[in-house]
Amino acid sequence: MQRIYDTRAGKKVDLVLREPGKVGMYVCGVTVYDLCHVGHARTLVAFDVIVRHLRARGLEVRLVRNITDVDDKIIRKGNAEGRPAAEVAECYADAMSTDMAALGIAAPDVEPRATQHIADMIEVIRRLEARDLAYPAEGDVYYSVAGFPSYGALSGQSIDDLQAGARIEVGEHKKSPLDFALWKRAKPGEPAWESPWGPGRPGWHIECSAMSHRYLGDSFDIHGGGSDLIFPHHENEIAQSEGAFGSFAHYWMHSGMVNFGGEKMSKSLGNVVTIRRVAETHDLEALRLLLISVHYRSPANFTIARDGAGLAVYPDLDEAEARLDYFYRTLERLDAFLAPLAPPPAAPPPSDLATNVGAAMDDDFNSAAAIGHLYDAFVLANKLLDDPKAMPKPERQKALAAIARDARAVGATLGIMLRPPAEFLLSRRDRLCVRRTIDRAVVEARIIDRTAARKAKEFARADEIRAELKASGVELMDTPTGTAWRVAG
RNA sequence: GGCGACGUACCCAAGUGGUUAAGGGGGAGGUCUGCAAAACCUCUAUUCAGCGGUUCGAAUCCGCUCGUCGCCUCCA
């Protein structure tokens, strides 16, 4: 049984689907007014892993993830850059798709854009109006929170609590401070659409109610997003959707924020690291590993330090990449061992790895625990690989084959270890060479010199070369098949 | 001020009522090696912010104190 933490219930509950075997899921995507940062990556990776696990369990998941392509910040950016808001949105939507693909995030089944569903939003607002949950005011349309008594249930606040701190901004025409805009009247220089209330554009929250309804129906199983969306965004979605259609999401899942220097990483705080910035110096798979090494609901750290030259460096990412290196090296060893052997007559039974990771992921998608189990399996694999006499030959082969198979299955669920090991390993080495200004040809030449010295038993000279390369960051590994080298992580 | 989390070793981080408190990093020894690296082995929290309480039994439940963070305004 799959357990999931439901924000509204405030605890882990059994996932009971509306239709057995099928999951309808809506995840709030991004507002495309700038490049995506590590915080976006966190949320989207978290839900990617959740979807991957549900699918691995045989469930048919329909994932809808929206793109908000009309909003104040997009408009402001367009004005600042002297180009239409739609062009700004298009540009960053493309960038987002590229970055998500680079992070190995599976594309959603449906990726609706707000501006393509204006008619659906108008329809939802009309329904709300018909039920006295919406009222027009000077070309705007507001949601009347007073008509929705359970407002605040998701975030655990009462209408009274909320009322205390709420305010009406200048230029708004709300009847009550908690009311929020469903439709905003057109202002000069802003994109606008025709509506029964005159030209204007949608409020932020209405698009998710309209698009989730269009693609998932009156109700669906899971609604997800970053925890910063709980209030007011998701609270407002509930008010809109339940108000208009009577029902909505059955389970609410929220991923934790990424902290940097003890503060949330966000565009408004100006402390963002974009995904592209990370990709300049690291393998994005390392970012993925770093993000899933923490439970999805907990805050994740992303440490930024300065090197001697004052350039930003990311120690947590370095470590994650080194760990990924270990995973891939172990896989490479497993492959090398298993490749020449005839496959076992019968498929080996699931390893402890498969069992333990399955249990961890069934328990509210505990990817951090799953990674712990991955280490256990890889330590065992290396031990068996190192010691041919560890167990009888057929058993040893079976155990290693099971780990290799199950590790890749775990990788498929977590979205890591999906490449041929050599591809990762060599690309990482090349990247580290660039970072440390190491010339591969020089290294290769010195290795040839050293091999000659070793053949001649001139060990002092051989050690001199080893030390010289070591000083530049290159580590030599003498193996039965020759000398390999790596760059110290 | 309101609401909600969190505080586990030098660092990161699982565990949320019951065998020896996962795992990783770092550190200290060791096996292997001409020397190394890698890999592997051993050690590194009688204890889970503090203080009370419930219980046969708590890191896990309750209360208080201290500390940190998030939301309450755009936010993944």
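Labels below follow one simple rule: chain letters A, B, ... track the order of the sequence lines, proteins then strands, and each chain is numbered from 1.
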Tell me, for nucleotides 20-25 of chain B in 5' to 3' order, what letter each nucleotide earns: B for a base near a protein heavy atom under 4.0 Å, S for only sugar-phosphate near one, - for neither? --BSSS
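- The listed nucleotides are A37(B), A76(B), C40(B); the one nearest the side chain of M477(A) is A37(B).
- Pairs passing the side-chain hydrogen bond (donor to acceptor under 3.5 Å, both in side chains) check and including a residue from residues 467-479 of chain A, sequence neighbours excluded, read R446(A)-E468(A), R450(A)-D478(A), R454(A)-D478(A), R466(A)-D478(A), K470(A)-E475(A), E475(A)-R486(A), D478(A)-T483(A), T479(A)-T481(A).
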Between protein and nucleotides 26-34 of chain B, map the contacts as a letter string: B base, S sugar-phosphate only, - none, heavy atoms under 4.0 Å, written 5' to 3'. --------B
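- Taking the six-membered ring where the residue is Trp, the centroids of F260(A) and F302(A) are separated by 6.0 Å or more.
- Ranking A38(B), A76(B), C72(B) by closeness to the H37(A) side chain, first place goes to A76(B).
- Separation of the Y5(A) and Y251(A) ring centroids does not fall under the 6.0 Å cut-off.
- In terms of phosphate contacts, K470(A) brings no side-chain nitrogen or oxygen within less than 4.0 Å of OP1 or OP2 of A37(B).
- Qualifying salt bridge (charged side-chain N to carboxylate O under 4.0 Å, His left out) partners for D109(A), counting only residues two or more places apart in sequence or in other chains: R55(A).
- Put simply, Y296(A) has no side-chain N or O that comes within less than 4.0 Å of OP1 or OP2 on A13(B).
- Taking only side-chain nitrogens and oxygens, T31(A) comes nearer than 4.0 Å to OP1 or OP2 of A76(B).
- Applying the salt bridge (Lys or Arg N to Asp or Glu O under 4.0 Å) definition to pairs two or more places apart or across chains, those involving residues 284-293 of chain A are D48(A)-R288(A), E285(A)-R419(A).
- Here the closest heavy-atom approach between residue M121(A) and residue P202(A) is recorded as SD-CB, 3.4 Å.
- Phosphate contact (OP1/OP2 of C41(B), side-chain N/O of N382(A), threshold under 4.0 Å): absent.
- Shown here are the salt bridge (charged side-chain N to carboxylate O under 4.0 Å, His left out) partners of E190(A), two or more places apart in sequence or in another chain: R201(A).
- When the nucleotides A76(B), C12(B), A38(B) are ranked by their closest atom to the side chain of E475(A), A38(B) comes out on top.
- When the salt bridge (charged side-chain N to carboxylate O under 4.0 Å, His left out) test is applied to R3(A), the partners found at least two apart in sequence or on another chain are D14(A).
- Contact annotation for D72(A): no contact, since no heavy-atom pair falls under 4.0 Å across all strands.
- Note on S155(A): only backbone sugar-phosphate atoms sit closer than 4.0 angstrom, heavy atoms only; bases stay farther off.
- Residue contacts for Q157(A): at a heavy-atom cut-off of 4.0 Å it reaches a base atom on one of the strands shown.
- As judged by a 4.0 angstrom heavy-atom cut-off over every strand, L229(A) is placed among residues touching the sugar-phosphate backbone only.
- Going from the P atom of U8(B) to that of A59(B) covers 15 Å, rounded to whole Å.
- Of the C1' atoms belonging to G70(B) and A76(B), the separation is 13 Å, rounded to the nearest Å.
- Distance, Y5(A) OH to U16(B) P: 14 Å, rounded to whole Å.
- Within 4.0 Å (heavy atoms only), G10(A) reaches no atom of the nucleic acid at all.
- Evaluation of the salt bridge (charged side-chain N to carboxylate O under 4.0 Å, His left out) rule for R408(A) yields D335(A) as partners, not counting sequence neighbours.
- Near RNA chain B, meaning a heavy atom under 4.0 Å from it, residues 89-100 of chain A has no residue at all.
- Taking the C1' atom of each, U46(B) and C3(B) are spaced 39 Å apart, rounded to whole Å.
- Counting heavy atoms from C-beta on, the side chains of V145(A) and S176(A) never come closer than 4.5 Å.
- You'll find the side chain of K175(A) stays beyond 4.5 Å of the side chain of Y142(A), heavy atoms only.
- Under the salt bridge (Lys or Arg N to Asp or Glu O under 4.0 Å) criterion, the residue pairs touching residues 380-391 of chain A are R333(A)-D386(A), with sequence neighbours excluded.
- Salt bridge annotation for D283(A)-R431(A): present, with a cationic side-chain nitrogen under 4.0 angstrom from a carboxylate oxygen.
- For the P atom pair drawn from G17(B) and C6(B), the interatomic distance equals 13 Å after rounding to whole Å.
- Paired runs in RNA chain B that reach 3 or more consecutive Watson-Crick or G-U pairs, where each pair keeps both distances under 3.5 Å, cover B:1-7 with B:66-72, B:10-12 with B:23-25, B:26-31 with B:39-44, B:49-53 with B:61-65.
- For the P atom pair drawn from C56(B) and U65(B), the interatomic distance equals 28 Å after rounding to whole Å.
- Partners of Y26(A) by ring-ring contact (aromatic ring centres under 6.0 Å, His included), not counting sequence neighbours, listed by chain and number: H223(A).
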